[in-house]
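Nothing fancy with the numbering, it's 1 onward along the sequence.
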Amino acid sequence: FMGAFFILSLGLSNLCSSTSISSRIGSALSLSFVPLVRSSLGVETQNRKGHSLRMEANQTTVPSIVVYVTVPNKEAGIKLAKSIVKERLAACVNRVPGVESIYEWKGEIQSDSEELLIIKTRESLLGPLTDHVKANHEYEVPEVISLPILGGNVQYLEWIKSSTR
């Protein structure tokens, strides 16, 4: 009840401001209360001295993402991962074997053993990374999905920046 009252008392226009989310989702609204929500949900991380550590507040890092790509087997995963890092499209690629994917393809339910590649890179490299995956992947429609990195170890985030184009 109190949460609903809080939101209603501030009014939707006060909760929403200008650009960051609106540019991503095509809305005219942006959620200025996201830091409050992040903090209450534990999304903001704490460093050893207890200071809040958010990527957007640090001038030495760049907006970074984690990208998921599935591949059919170990050999394909190694080959694609090495080419991505060699081209400096990502700082690091983790291979996770033993993923079982169940999905619909061309009207049939499929089940395949795959590997999952977890790729850490700059947000600005998502387009070139996607193009690279599509050009070097044996699937007709390879999975390439990204999630934002909201914060973390600043030295690691700086390493992502320095290790990529």
Side-chain angles (χ1 to χ4, degrees), residues 19-27 30-31 34-35 37-48 51-165:
T19 59
S20 68
I21 292 176
S22 64
S23 66
R24 293 185 184 176
I25 62 172
S27 167
S30 170
L31 304 178
V34 168
V37 174
R38 283 184 185 158
S39 179
S40 68
L41 295 176
V43 176
E44 287 188 12
T45 57
Q46 301 290 319
N47 68 16
R48 291 181 190 200
H51 296 100
S52 181
L53 185 62
R54 291 180 44 216
M55 206 165 83
E56 55 268 16
N58 188 312
Q59 299 301 318
T60 63
T61 61
V62 295
S64 300
I65 55 175
V66 172
V67 179
Y68 290 169
V69 173
T70 51
V71 293
N73 53 52
K74 178 180 180 178
E75 294 76 25
I78 291 170
K79 183 179 176 183
L80 185 58
K82 284 183 176 182
S83 69
I84 288 168
V85 173
K86 182 179 179 184
E87 294 294 320
R88 297 180 57 89
L89 292 168
C92 176
V93 179
N94 302 117
R95 292 181 28 255
V96 182
V99 174
E100 184 71 20
S101 296
I102 300 169
Y103 56 96
E104 181 185 348
W105 182 248
K106 298 186 178 181
E108 301 281 328
I109 301 297
Q110 307 288 324
S111 178
D112 289 313
S113 291
E114 295 182 298
E115 280 197 0
L116 174 64
L117 302 182
I118 304 172
I119 304 165
K120 278 76 73 175
T121 190
R122 296 172 181 234
E123 183 178 24
S124 63
L125 291 175
L126 181 58
L129 175 63
T130 301
D131 292 342
H132 182 85
V133 169
K134 289 166 68 175
N136 294 282
H137 204 293
E138 64 185 70
Y139 290 169
E140 187 178 334
V141 181
E143 171 186 3
V144 180
I145 58 174
S146 71
L147 303 168
I149 298 173
L150 300 177
N153 179 352
V154 172
Q155 291 87 4
Y156 187 85
L157 299 172
E158 290 170 347
W159 175 73
I160 291 174
K161 176 183 175 182
S162 67
S163 298
T164 53
R165 298 182 188 172

Stepwise side-chain contact (heavy atoms from CB on, under 4.5 Å) test for T121 and L126: CA-CA 8 Å; T121 190; L126 181 58; over 6 Å; no
Test item: R122 side-chain N/O and R165 main-chain N/O as donor-acceptor pair under 3.5 Å: yes
Derivation and outcome, side-chain contact (heavy atoms from CB on, under 4.5 Å), residues E143 and V69: CA-CA 5 Å; E143 171 186 3; V69 173; 5.7 Å; no
Step-by-step side-chain contact (heavy atoms from CB on, under 4.5 Å) determination, N153 to W159: CA-CA 10 Å; N153 179 352; W159 175 73; over 6 Å; no
From OG (S64) to CG (L147), nearest 0.5 Å: 13.0 Å
K120 side chain near C92 side chain, heavy-atom distance below 4.5 Å: yes
Side chains of V93 and V85 in contact at under 4.5 Å (non-hydrogen atoms): yes
Any pair counted as salt bridge (charged side-chain N to carboxylate O under 4.0 Å, His left out), so long as it reaches residues 88-113, sequence neighbours left out: R95-E115, K106-E140
Nearest non-hydrogen partners of I102 and S111, listed with the distance: CG1-OG, 4.0 Å
Pairwise side-chain contact, Y68 with I118, heavy-atom cut-off 4.5 Å (strictly under): yes
Pairwise side-chain contact, P72 with E138, heavy-atom cut-off 4.5 Å (strictly under): yes
Short side-chain to backbone donor-acceptor contact, H137 and T70, under 3.5 Å: yes
Atom pair CD (Q110) and OH (Y103), whose distance is rounded to the nearest 0.5 Å: 5.0 Å
N136: side-chain contact (heavy atoms from CB on, under 4.5 Å) partners, not counting sequence neighbours: L80, H132
Test side-chain contact (heavy atoms from CB on, under 4.5 Å) applied to E123 and V67, V62, I149, I65, the passing residue: I65
With sequence neighbours excluded, residues passing side-chain hydrogen bond (donor to acceptor under 3.5 Å, both in side chains) with Y156: none
Non-hydrogen side-chain atoms of T164 and L125 separated by less than 4.5 Å: yes
pair K161-T61: side-chain heavy atoms closer than 4.5 Å: no
Close side-chain approach of V71 to L117, heavy-atom, < 4.5 Å: yes
Approximate separation, where rounding is to 0.5 Å, of I119 CD1 and I160 CD1: 12.0 Å
side-chain contact (heavy atoms from CB on, under 4.5 Å) between K134 and Y139, worked out: CA-CA 8 Å; K134 289 166 68 175; Y139 290 169; over 6 Å; no
Closest approach of L157 to G152 (non-hydrogen atoms, all atoms of both residues): CD1-N, 3.9 Å
Closest non-hydrogen atom pair, P142 against V133: CB-CG1, 4.1 Å
